[in-house]
Amino acid sequence: MGHDPWAELRERAEAVRTAIEARLGVRTHADLVEAPEDKGLFSLAVFPYAKELRKAPPAIAAEAALVPAPEPFAGLQAVGGYVNLTAEPAAFAAHVLGSVASLGEAYGSSPAQPMRILLEHTSTNPTGPLHVGRARNPILADALGRLLKMAGYPVTREYLVNDVGRQMVVQYWGTRHLTPAQVGPPDVDKADYRFIKYYQKATEIFEHDAAAKADVAEMIRRFELGDVALTKDVRKVAEEVLSGILASLARLGVAFDSFYWESDSILDGRVQEVIERLMPLSHEEGGSHYLDLSSFGLEGDAAKYFFVRADGTSLYTTRDIAYHLDKMRRCDVAINVLGEDQKLTFDRLKAAFRLMGIEWAPETVFYAFVSLPEGKMSTRRGVVVNLDDLLDEAVARAGEEVAKRRPDLSEGRKREIAEFVGVGAVRYNIARVQAEKRIVFRWEEALNFEGNSAPFLQYAHARACSILDRAGPRTTGDPRLLVHPQEQLLLRRIARFPSVVRDAALGRRVHAVAGYAADLAAQFNQFYRDCPVLNAGSEGLRGARVELVDASRVVLRNALDGLGLVAPREM
RNA sequence: GGACCCGUCGCCUAGCACGGAUAGGGCUCCGGAUUUCUAAUCCGGCUGUCGUGGGUUCGAAUCCCACCGGGUCCGCCA
């Protein structure tokens, strides 16, 4: 029994299609599609054959329906201009549950693939706390990483730490010249909140203090000319802030396998190597150098890719190239998850690679921004919702719900449930939307606990666990008894899971799994309503339903896990 | 100005790369369901010019063209 029952069914259905086309004697090819649920598993629209056969589609469908169909199909039905391939319910149930049983807890995952994937995401500048606008990056990317792993690919999740540049130096200058009293108390006693106060105060001071401004300008100059001690000191500040950011991400369930520090690439000479390599390809303008990318579909300023200033110092573009050359050595496929504001930047990077004669290029997944009803989030204008605030609020709200629903539980247990419900609600609400669609952040939507939400999925999982707890030791059931319409609909969803995961991973479409999971949970709830498990009519049916609930539990758990959500035993 | 992205019930959203059967969900609102496995559930009802106009096709939310509205970018910043 294979790992992917749906793919196997589709393969058999494709063979039926081939047989139909042979019987009709057509050269025209028609596509097999998944059928509407009340019409079978797959269906074939015969309209494309009509022209070649010069016959009416219903007549063609009737002729096509005479072709025999293999197990577990029941046969072909002609309906108008369509031929539908229906499943024989008992055989279908046995087929699906057999597949699940063969993989057990790992059902949904595909065989290991050799292609190494390096997934870079978040990589937000280590100057302060993460806000909700940026939080879409880790939520989306972490789920993508989980789904890729489930689809069989070895994935390394990497954070590019930009501990280089003027912004970092300004912040460092603040920590050296300003006192905690001057910058004021942070909103939260956490490194990312503490250090951003220095950055904010420093930029404020430069507006009216010319001496201070000159001082930091001098520091930036020293930094850019390669002052090693200064570079290392600045990095220490970045490390502190990063620890705060990582703590927030950890609460979301997001972790990294590696970190790439930009300062390292400068100190160990990798950036200098890139400059030397680009020089022969470059044009010079006032002592600085750039690549001309105008033959790659770029126009105007966008076509001038400056990589070294007149004083010989590097630009972020140079370090970007150094970074991606390094990445290229460490993986087969590099995926970067980025805000849509980075689109042109990456077009330029890819063009630069081609100019260098490099065939390889990183792949990009872009997402649109999360904005507030009043407009764009802006740290400078103070119009932001920090990720930590959102999580705190979500968990507090979840806590109220738990207190209402489960007064029987201990305080500690209630807190645990509130945590995964609140955090899950936030993750799900962002993961469920197509990346390229912009999201307007509204509290009432982000904290939705019913309908299409994480708690809805988690609840279905807890329900399944509860039934299994009460069911006691497993008895052998007969899967061929699972012919109730709700059972068949549930089995159909379970069957599709491995394909859904693979398609989502390969298409980099995380939201597809969110939609699938919600659909699965809804169907499980309908099955729950119509099909008693513990009090099923016979031992054989009871055993089979217990097995179906267990299969549902595995799929719900793995779907939740793929989205980075906790699958609770109770809530 | 140019490039790229988005535009589907009152609100949010799926479907669009591979065109097919009455365009699925969720929220809101109204009305129901609990001697049975967790009611964060389920059922019923209301709600749609798929931005607009053309084109291709037996068939268009889906493909093509134009336009409208919104977003993002076009630094020797990162």
Side-chain angles (χ1 to χ4, degrees), chain A residues 30-31 33 35-36 38-39 43-48 50-51 57 79-82 84 125 127 162 164-168 262 285-290 297-304 306-311 313 315-317 319-320 339-345 347-348 366 368-369 371 376 398 401-402 404-406 421 429 432-440 442 444-445 448-460 462-471 507 511-512 514-516 518-519 521-522 524-526 528-536 545-546 549 570-571:
Chain A
D31 288 326
V33 298
D38 55 330
K39 299 202 172 56
S43 74
L44 188 67
V46 303
F47 303 98
K51 200 168 196 175
V79 182
Y82 297 85
N84 298 322
N125 290 353
T127 47
N162 173 27
V164 161
R166 288 154 197 255
Q167 202 179 10
M168 284 307 307
E262 276 201 46
E285 189 176 294
S288 55
H289 290 259
Y290 66 92
L298 294 159
E299 291 174 3
D301 291 344
K304 280 190 180 178
F306 281 93
F307 63 94
V308 58
R309 295 193 183 98
D311 63 5
T313 57
L315 268 10
Y316 83 95
T317 48
R319 302 191 287 269
D320 228 12
E340 62 179 349
D341 56 334
Q342 301 290 312
K343 277 185 181 175
L344 181 60
T345 295
D347 282 344
R348 280 152 47 95
F366 293 108
F369 290 113
S371 59
K376 198 173 166 177
E401 295 296 320
V402 178
K404 233 187 293 176
R405 295 161 203 273
R406 298 301 302 273
V421 166
N429 260 289
R432 59 181 256 266
V433 182
Q434 234 177 58
E436 52 273 19
K437 275 198 172 167
R438 64 191 275 253
I439 294 177
V440 177
R442 293 190 180 89
E444 61 273 26
E445 281 171 21
N448 173 30
F449 290 164
E450 48 192 27
N452 190 8
S453 73
F456 175 82
L457 309 183
Q458 291 170 322
Y459 186 72
R463 241 184 186 174
C465 289
S466 173
I467 293 172
L468 294 169
D469 281 346
R470 288 167 186 268
H511 72 280
Y516 166 84
D519 185 44
F524 180 77
N525 286 329
Q526 288 167 53
Y528 173 89
R529 177 198 62 201
D530 291 347
C531 303
V533 177
L534 303 179
N535 298 315
R545 282 184 173 166
V546 168
V549 171
E570 67 168 0
M571 64 185 278

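Throughout, a chain's letter reflects where its sequence line sits, starting with A, and its residues are numbered from 1.
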>> Categorize Ser43(A) for me: base, sugar-phosphate, or nothing, with a 4.0 angstrom heavy-atom threshold over every strand shown.
In response: base
>> Would A17(B) be called syn or anti here, given the cut-off of 90° from 0?
In response: syn
> Under 4.0 angstrom, heavy atoms only, what part of the nucleic acid is Val164(A) near: base, sugar-phosphate, or nothing?
Replying inline: sugar-phosphate
> Considering only A21(B), U41(B), A14(B), which nucleotide approaches the side chain of Gln434(A) most closely?
Replying inline: A14(B)
> So, is Arg529(A) near the phosphate of C43(B), with a side-chain N or O under 4.0 Å from OP1 or OP2?
Replying inline: yes
>> What's the gap between C63(B) and A14(B) when it is taken at their P atoms, as a whole Å value?
In response: 15 Å
> Between C74(B), A78(B), C12(B), which nucleotide has the shortest distance from any of its atoms to the side chain of Gln342(A)?
Replying inline: A78(B)
>> What's Asp31(A) touching, base or sugar-phosphate or nothing? Going by heavy atoms closer than 4.0 Å.
In response: nothing
> Are any of Asn535(A)'s side-chain N or O atoms less than 4.0 Å away from OP1 or OP2 of C37(B)?
Replying inline: no
> What is the distance from CZ of Phe449(A) to P of A40(B), rounded to the nearest Å?
Replying inline: 13 Å
> Base, sugar-phosphate, or nothing: which does Lys376(A) touch, judged by heavy atoms less than 4.0 Å apart?
Replying inline: sugar-phosphate
> After noting the C-alpha distance and the side-chain angles of Thr313(A) and Asp311(A), does the key distance pass the side-chain hydrogen bond (donor to acceptor under 3.5 Å, both in side chains) rule?
Replying inline: CA-CA 6 Å; Thr313(A) 57; Asp311(A) 63 5; 2.6 Å; yes
> Touch check for Ser453(A), heavy atoms < 4.0 angstrom, all strands: base, sugar-phosphate only, or nothing?
Replying inline: nothing
>> Nearest to the Val421(A) side chain among C58(B), A21(B), A40(B), which nucleotide is it?
In response: A40(B)
>> If the cut-off is 4.0 Å, is Arg438(A) near the phosphate of G71(B), judged by side-chain N/O to OP1 or OP2?
In response: no
> Going through the checks in order, is the side-chain contact (heavy atoms from CB on, under 4.5 Å) test met by Phe306(A) and Glu285(A)?
Replying inline: CA-CA 10 Å; Phe306(A) 281 93; Glu285(A) 189 176 294; 4.0 Å; yes
>> Taking the nucleotide of RNA chain B with the nearest heavy atom to each, does Glu570(A) or Asp38(A) sit closer to the 5' end?
In response: Asp38(A)
> Which listed nucleotide (C43(B), C37(B), A21(B)) is nearest to the side chain of Pro36(A)?
Replying inline: A21(B)
>> Between P on A78(B) and CZ on Arg348(A), what's the gap in Å once rounded to a whole number?
In response: 12 Å
> What does Ala302(A) touch in the nucleic acid at a heavy-atom separation under 4.0 angstrom: a base, only the sugar-phosphate, or nothing?
Replying inline: sugar-phosphate
>> Of the listed nucleotides (C6(B), C37(B), A21(B)), which one gets closest to any side-chain atom of Lys437(A)?
In response: C6(B)
> Taking atom P in both C43(B) and G24(B), what distance in whole Å separates the two?
Replying inline: 16 Å
>> Using a 4.0 Å heavy-atom cut-off, does Asn84(A) contact any base of the nucleic acid, only the sugar-phosphate backbone, or nothing at all?
In response: base
>> Could you tell me how far U28(B) sits from C68(B) if I compare only their C1' atoms? Round to whole Å.
In response: 30 Å
> Quick one: CD on Glu450(A) to CG on Asn452(A), what's the gap to the nearest 0.5 Å?
Replying inline: 11.5 Å
> With respect to the side chain of Arg309(A), which nucleotide from G2(B), C37(B), C76(B) is positioned closest?
Replying inline: C76(B)
> Among the nucleotides C16(B), A21(B), A40(B), which one has an atom lying closest to any side-chain atom of Lys39(A)?
Replying inline: A21(B)
>> Rounded to whole Å, please give me the gap between CG in Asp347(A) and P in G2(B).
In response: 18 Å
> Out of C5(B), A78(B), A14(B), which nucleotide sits closest to the side chain of Arg319(A)?
Replying inline: A78(B)
> Can you tell me how far the CD1 atom of Ile439(A) sits from the CD atom of Gln434(A), to the nearest 0.5 Å?
Replying inline: 10.5 Å
>> Side chain of Asn448(A) only, heavy atoms from C-beta on: which candidate in G2(B), G26(B), A14(B) is closest?
In response: G26(B)
> What do the steps show when you test Arg545(A) against Ile467(A) for side-chain contact (heavy atoms from CB on, under 4.5 Å), and what is the final call?
Replying inline: CA-CA 10 Å; Arg545(A) 282 184 173 166; Ile467(A) 293 172; over 6 Å; no
> Which nucleotide in the set G75(B), A78(B), U72(B) lies at the smallest distance from any side-chain heavy atom of Glu340(A)?
Replying inline: U72(B)
> When you compare A61(B) with C18(B), how far apart are their C1' atoms, in angstrom units rounded to a whole number?
Replying inline: 16 Å
>> Could you check whether atom CD of Glu299(A) has more than 12 heavy atoms from other residues, nucleotides or ligands sitting under 6.0 Å from it?
In response: no
>> Can you tell me how far apart OG1 (Thr317(A)) and NZ (Lys304(A)) are? Round to the nearest 0.5 Å.
In response: 14.0 Å
> According to a strict under-4.0 Å criterion, is Arg463(A) in side-chain N/O contact with OP1 or OP2 of A39(B)?
Replying inline: yes
> Heavy atoms under 4.0 Å, any strand shown: does Leu534(A) hit a base, just sugar-phosphate, or nothing?
Replying inline: base
> Once you round it to whole Å, what is the distance between P of C74(B) and CG of Asp301(A)?
Replying inline: 10 Å
> Whole Å only: how far is the NE2 atom of His511(A) from the C1' atom of U13(B)?
Replying inline: 10 Å
> Between Ala518(A) and Tyr528(A), which has a closest nucleotide on RNA chain B that is more 5'?
Replying inline: Ala518(A)
>> Please classify the nucleic acid contact of His289(A) as base, sugar-phosphate, or nothing, using heavy-atom distances under 4.0 Å.
In response: nothing
> Counting any heavy atom closer than 4.0 Å, what does Met168(A) reach on the DNA or RNA strands: base, sugar-phosphate only, or nothing?
Replying inline: nothing
> Paired with G44(B): which nucleotide, if any, by Watson-Crick or G-U wobble criteria at under 3.5 Å for both distances?
Replying inline: C30(B)
>> For a quick check of understanding: with a heavy-atom distance under 4.0 Å over all strands, which category does Gln167(A) fall into, base, sugar-phosphate or nothing?
In response: nothing
>> Taking A17(B) as the reference, what is the distance to A60(B) when you measure between their C1' atoms (whole Å, please)?
In response: 16 Å
>> Just to be sure I understand the rule, does Arg470(A) reach a base, reach only the sugar-phosphate, or reach nothing, if contact means heavy atoms closer than 4.0 Å?
In response: sugar-phosphate
> Do Arg319(A) and Asn162(A) have side-chain N/O donor and acceptor atoms under 3.5 Å apart?
Replying inline: no
> When the C1' atoms of G69(B) and C30(B) are considered, how many whole Å apart are they?
Replying inline: 34 Å
> How close or far is atom C1' of U41(B) from atom CD of Gln458(A), stated in whole angstroms?
Replying inline: 15 Å
> Between the base of A78(B) and the side chain of Asp341(A), is there any donor-acceptor pair under 3.5 Å?
Replying inline: no
> When all nucleic acid strands are considered with a 4.0 Å heavy-atom cut-off, which category describes Phe456(A): base, sugar-phosphate, or nothing?
Replying inline: sugar-phosphate
> Starting at CG of Asp530(A) and ending at P of C37(B), how long is that distance when rounded to a whole Å?
Replying inline: 15 Å
> Rounded to whole angstrom units, what separation is found between the CD atom of Glu445(A) and the P atom of C11(B)?
Replying inline: 12 Å
> Which is true for Cys531(A) with a 4.0 Å heavy-atom rule: it touches a base, it touches only sugar-phosphate, or it touches nothing?
Replying inline: base
> Can a cation-pi geometry be assigned to Arg463(A) and Phe524(A), taking NZ or CZ under 6.0 Å from the six-membered ring centre and within 45° of the ring axis?
Replying inline: no
>> Taking C12(B) as the reference, what is the distance to U22(B) when you measure between their P atoms (whole Å, please)?
In response: 28 Å
